Novice: 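Following this message is one structure expressed as structure tokens.
Remember, it's 1-based here, ligands and their atoms both numbered in the order they're listed. Predicted model only: the values in this text are computed from it and were never measured.
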Amino acid sequence: MAKQPMLKFVQIERDMPEKRTAEARKEDFDEIYAEFAQAKAEEQASRCSQCGVPYCQSHCPLHNNIPDWLRLTATGRLEEAYATSQATNTFPEICGRICPQDRLCEGNCVIEQSGHGTVTIGAVEKYITDTAWENGWVKPCAPLHERSESVGIIGAGPGGLAAADMLRRAGVQVTIYDRYDRAGGLLTYGIPGFKLEKDVVMRRNKLLEDSGVTFVMNCNVGEDISFADLRAKHDAVIIATGVYKSRDLAMPGSGAAGIVKAIDFLTVSNKRSFGDTVAEFDSGELNAEGKKVVVIGGGDTAMDCVRTSIREGATSVKCLYRRDRANMPGSQREVQNAEEEGVVFEWLSAPKGFADTDGKVTGVMVQKMRLGAPDATGRQAPEVIEGADYVEEADLVIKALGFEPEDLPTLWGQPELPVTRWGTVKAEFKSGATDLPGVYAVGDIVRGASLVVWAIKDGRDCAEAILERFNAKAAVAAE
Ligand SMILES: Cc1cc2nc3c(=O)[nH]c(=O)nc-3n(C[C@H](O)[C@H](O)[C@H](O)COP(=O)(O)OP(=O)(O)OC[C@H]3O[C@@H](n4cnc5c(N)ncnc54)[C@H](O)[C@@H]3O)c2cc1C
Ligand code: SF4
């Protein structure tokens, strides 16, 4: 009888790929985890219990066929593992790196629930597709037939790119318009290299280009080309613009120099990772070197800002969050990484105003908080502790309070574009269809600030809906 290759979770402990020391990783913007060696990936994959009802799969937004690609990896059938993995995910090696697995697939792994430690699904997913790239298995698509229909996509983030990939595979003519100079959206200019190295994103952009997708970069829709022109030019238009309006703080002193937005700070740092010269960095405006940095916020953007500041050579980095550690929205894994790198978290601390000298920020006035009774949603609201205020010294304050959608109907002169009361585009569940004929929307601009994996899911679902529409139209024309 063949040897049972799986269910090794009792004999084999959970193990992640090697993590670089905090001292080493503070010196650069490279990723902090090494790659699994083949034997280690096989060993870790073999821990999977091959559940009949795999909760990891149902809690993965893409419903990746995780047990199958783990089994294929454990038995050394890597090319098939890659084929299975990429069948449901446009960017498996990106999700393997940056999905919050503890809240998605791994958090629902049955052996984790039984106390054995989750299968390292993300790390194996990354290993499979990185290996596929190394071995030349990842190839540009070559559609069997070219179709006459064209789709214009506004935004080259993961949502737009995932839709482009699916449509192009079916032979559709795809053009992506983006206001940045490089494609990738927040994968390129939001998420720092220590979580996702830039060449991992750039090789995906090139693959799409090699597959025949046209990129029109430095093109701000609404300014360089009108939305109406795009609708006239293409058979369908997908809005995949993400959310970029930073939430702000209106409080005494908030106009002082040295108080900056997280997205500006991270974009500049990411541009430098490409070797670009950036004036705002060279002038010191968006550069943490030699400064006491205070980051306000407790989400993943705040975590990226504190860790970027450390790498830029800040003298101290503090993170203020108004709730406690257990109630922060950011990933616990990232908090741990930040702490290892020297970031100090000031929990239950909220800004009240800013101190400055000659218009230049010198400190944050902080009020201490406690958690009060739970509100209607069950979440404890923070309350001020009177008399406990203090000033936290700072030469650079980074506001990482979240993002909201830009006002697209106004910016694009399209009052009829349907939006919700939060400003997100109103689109049908799954297809992404809006009330405007031929106009679809996907990713953060529909969901509000969310996750890469959800943007990929939306892009894929929307492409499928558009293809169905094109096919139905073609069938009618053929009759
Ligand atoms: C700092 C940061 C860290 C994050 N970390 C993670 C993480 O670790 N894991 C995770 O899963 N998610 C993370 N996220 C969230 C994730 O990046 C987003 O959910 C995801 O990128 C959304 O994809 P999208 O395609 O909808 O939009 P985006 O990635 O935002 O792409 C939108 C694109 O549209 C372009 N655009 C916008 N308006 C126009 C216009 N008028 N004309 C032309 N182009 C336009 C933009 O230039 C951009 O390239 C993070 C977000 C931030 C800000
Ligand atoms: S895409 Fe994300 S949630 Fe799904 S299996 Fe991969 S890491 Fe887990």
Side-chain angles (χ1 to χ4, degrees), residues 56-57 59-66 69-70 85 88-109 119-126 129 153-163 176-192 195-196 216-225 227 230 238-244 246 262-263 265-267 269-270 299-305 308 330-331 333-334 400 402-403 405-406 408 411-412 441-459:
C56 57
Q57 181 167 6
H59 285 84
C60 163
L62 295 162
H63 299 311
N64 282 340
N65 198 342
I66 301 164
W69 47 252
L70 286 173
S85 167
T88 52
N89 189 352
T90 317
F91 307 125
E93 75 284 24
I94 294 180
C95 292
R97 282 168 164 88
I98 59 165
C99 269
Q101 284 103 8
D102 52 343
R103 284 187 264 147
L104 301 171
C105 52
E106 293 182 11
N108 292 280
C109 170
V119 176
T120 49
I121 297 169
V124 175
E125 187 179 28
K126 165 181 180 283
T129 303
I153 300 176
I154 312 170
L161 296 178
I176 307 187
Y177 304 83
D178 199 291
R179 62 186 173 194
Y180 280 140
D181 54 347
R182 294 183 178 93
L186 289 172
L187 302 177
T188 298
Y189 283 138
I191 300 172
K195 278 164 60 182
L196 174 64
V216 181
M217 304 308 293
N218 298 306
C219 176
N220 192 349
V221 173
E223 268 183 28
D224 301 311
I225 185 167
F227 183 69
L230 281 189
I238 303 176
I239 304 171
T241 49
V243 288
Y244 283 87
S246 302
I263 193 69
F265 178 71
L266 292 173
T267 304
S269 171
N270 277 311
D300 284 331
T301 303
M303 298 307 104
D304 290 348
C305 289
T308 295
S331 141
R333 181 177 66 181
E334 293 306 299
F403 300 95
E406 292 161 295
L408 293 187
L411 284 174
W412 292 352
V442 300
D444 280 6
I445 191 59
V446 177
R447 295 177 178 271
S450 178
L451 293 174
V452 168
V453 65
W454 281 114
I456 296 172
K457 160 90 176 139
D458 287 354

Novice: Could you point out which residue of Asn65, Val453, Ile456 forms a side chain to side chain contact (heavy atoms under 4.5 Å, CB included) with Asn89?
Specialist: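 For Asn89, the side chain to side chain contact (heavy atoms under 4.5 Å, CB included) check succeeds only for Ile456.
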Novice: Report yes or no: does a heavy atom of Tyr244 sit under 4.0 Å from some atom of ligand 1?
Specialist: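 Checking ligand 1 against Tyr244, which is what was asked, there is a heavy-atom contact under 4.0 Å.
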Novice: As a check for students: among Ile66, Ile98, Leu104, identify the option with a heavy atom nearest to atom 3 (S) of ligand 2.
Specialist: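 Nearest option to atom 3 (S) of ligand 2, by heavy atoms: Leu104.
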Novice: Tell me: protein heavy atom nearest atom 44 (N) of ligand 1, and distance?
Specialist: Arg179 N, 3.1 Å
Novice: For ligand 1 and Glu406, I'd like to know whether there is a polar contact (N/O to N/O, distance under 3.5 Å).
Specialist: no
Novice: Kindly confirm or rule out an N or O of Gly159 lying under 3.5 angstrom from an N or O of ligand 1.
Specialist: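 The answer is yes, given that Gly159 and ligand 1 share an N or O pair closer than 3.5 Å.
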Novice: Rounded to the nearest 0.5 Å, what's the gap from CD1 on Ile445 to CD on Glu406? Could you check?
Specialist: 7.5 Å
Novice: Using heavy-atom distances only, which candidate in Ile191, Asn218, Asn220, Leu411 approaches atom 40 (C) of ligand 1 most closely?
Specialist: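 Result: the heavy atom closest to atom 40 (C) of ligand 1 is in Asn220.
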Novice: Please confirm whether Val221 comes within less than 3.5 Å of ligand 1 when only nitrogen or oxygen atoms on both sides are compared.
Specialist: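 Right, the criterion is met.
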Novice: With a cut-off of 4.0 Å, which atoms of ligand 2 are near a heavy atom of Val453?
Specialist: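 Listed by number with element, the hits are 1 (S).
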Novice: Does Gly222 have a non-hydrogen atom less than 4.0 Å from ligand 1?
Specialist: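 False for this residue.
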Novice: Note the single closest protein heavy atom to atom 8 (Fe) of ligand 2, along with its residue, its atom name and the distance in Å.
Specialist: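 So the nearest neighbour among protein heavy atoms is Cys105 SG, 2.3 Å.
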Novice: Can you find an N or O of Leu186 that's nearer than 3.5 Å to an N or O of ligand 1?
Specialist: yes
Novice: Indicate yes or no: does Asp304 engage Lys195 in a salt bridge with an N to O separation below 4.0 Å.
Specialist: yes
Novice: Examine Asp300 against ligand 1 and note whether any of their N/O atoms are separated by less than 3.5 Å.
Specialist: no
Novice: Below 4.0 Å from ligand 1: does a non-hydrogen atom of Trp454 turn up there or not?
Specialist: no
Novice: What atoms in ligand 1 come closer than 4.0 Å to a heavy atom of Ala240?
Specialist: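 Result: 32 (C), 33 (C), 34 (O).
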Novice: In terms of atom number and element, which parts of ligand 1 are under 4.0 angstrom from non-hydrogen atoms of Gly242?
Specialist: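 So the atoms of ligand 1 that pass are 27 (O), 30 (O), 32 (C).
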Novice: Distance under 4.0 Å to a non-hydrogen atom of Trp412: what atoms of ligand 1 satisfy this?
Specialist: 41 (N)
Novice: How long is the span from the CD1 atom in Ile121 to the NE2 atom in His59, to the nearest 0.5 Å?
Specialist: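 With rounding to 0.5 Å, CD1 (Ile121) is 11.5 Å from NE2 (His59).
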Novice: Only heavy atoms of Gly443, strictly under 4.0 Å: list the atoms of ligand 1 that pass.
Specialist: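 Counting from 1, the qualifying ligand atoms are 26 (O).
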Novice: Would you mind running through ligand 1 and noting each atom that sits below 4.0 Å from a heavy atom of Pro158?
Specialist: 20 (C), 21 (O), 23 (O), 25 (O), 29 (O)
Novice: Under 4.0 Å from a heavy atom of Leu451: which atoms of ligand 1 are those, numbered in the order shown and with their elements?
Specialist: 10 (C), 11 (O), 12 (N), 19 (O)
Novice: Does the N or O separation between Leu187 and ligand 1 drop below 3.5 Å for any pair?
Specialist: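 N/O-N/O distance below 3.5 Å does not exist for this pair.
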Novice: Calculate, to the nearest 0.5 Å, the distance between atoms OG1 and CG belonging to Thr241 and Asp444 respectively.
Specialist: 9.0 Å
Novice: So which heavy atom in the protein is nearest atom 6 (Fe) of ligand 2, and how far is it from that ligand atom?
Specialist: Glu125 OE1, 2.2 Å
Novice: Look only at interatomic distance and state if Ile98 has a nitrogen or oxygen under 3.5 Å from any nitrogen or oxygen of ligand 1.
Specialist: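 Yes: some nitrogen or oxygen of Ile98 is under 3.5 Å from one in ligand 1.
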Novice: Within less than 4.0 angstrom of ligand 1, does Cys219 place any heavy atom?
Specialist: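 Yes, Cys219 has a heavy atom closer than 4.0 Å to ligand 1.
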Novice: Do any of the N/O/S atoms of Cys99, backbone or side chain, fall under 2.8 Å from atom 4 (Fe) of ligand 2?
Specialist: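 Checking Cys99: none of its N, O or S atoms is under 2.8 Å.
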Novice: Note the single closest protein heavy atom to atom 1 (S) of ligand 2, along with its residue, its atom name and the distance in Å.
Specialist: Asn64 ND2, 3.4 Å
Novice: Within ligand 1, which atoms have a heavy atom of Phe403 less than 4.0 Å away?
Specialist: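 Those of ligand 1 that fall under 4.0 Å from Phe403 are 53 (C).
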Novice: Only heavy atoms of Gly185, strictly under 4.0 Å: list the atoms of ligand 1 that pass.
Specialist: 29 (O), 31 (O), 48 (C), 49 (O)
Novice: Would you tell me which option among Leu230, Ile456, Val446, Val452 has the nearest heavy-atom contact to atom 16 (C) of ligand 1?
Specialist: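 Nearest heavy atom to atom 16 (C) of ligand 1 lies in Val452.
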Novice: So is there a nitrogen or oxygen of Thr301 less than 3.5 Å from a nitrogen or oxygen in ligand 1?
Specialist: no
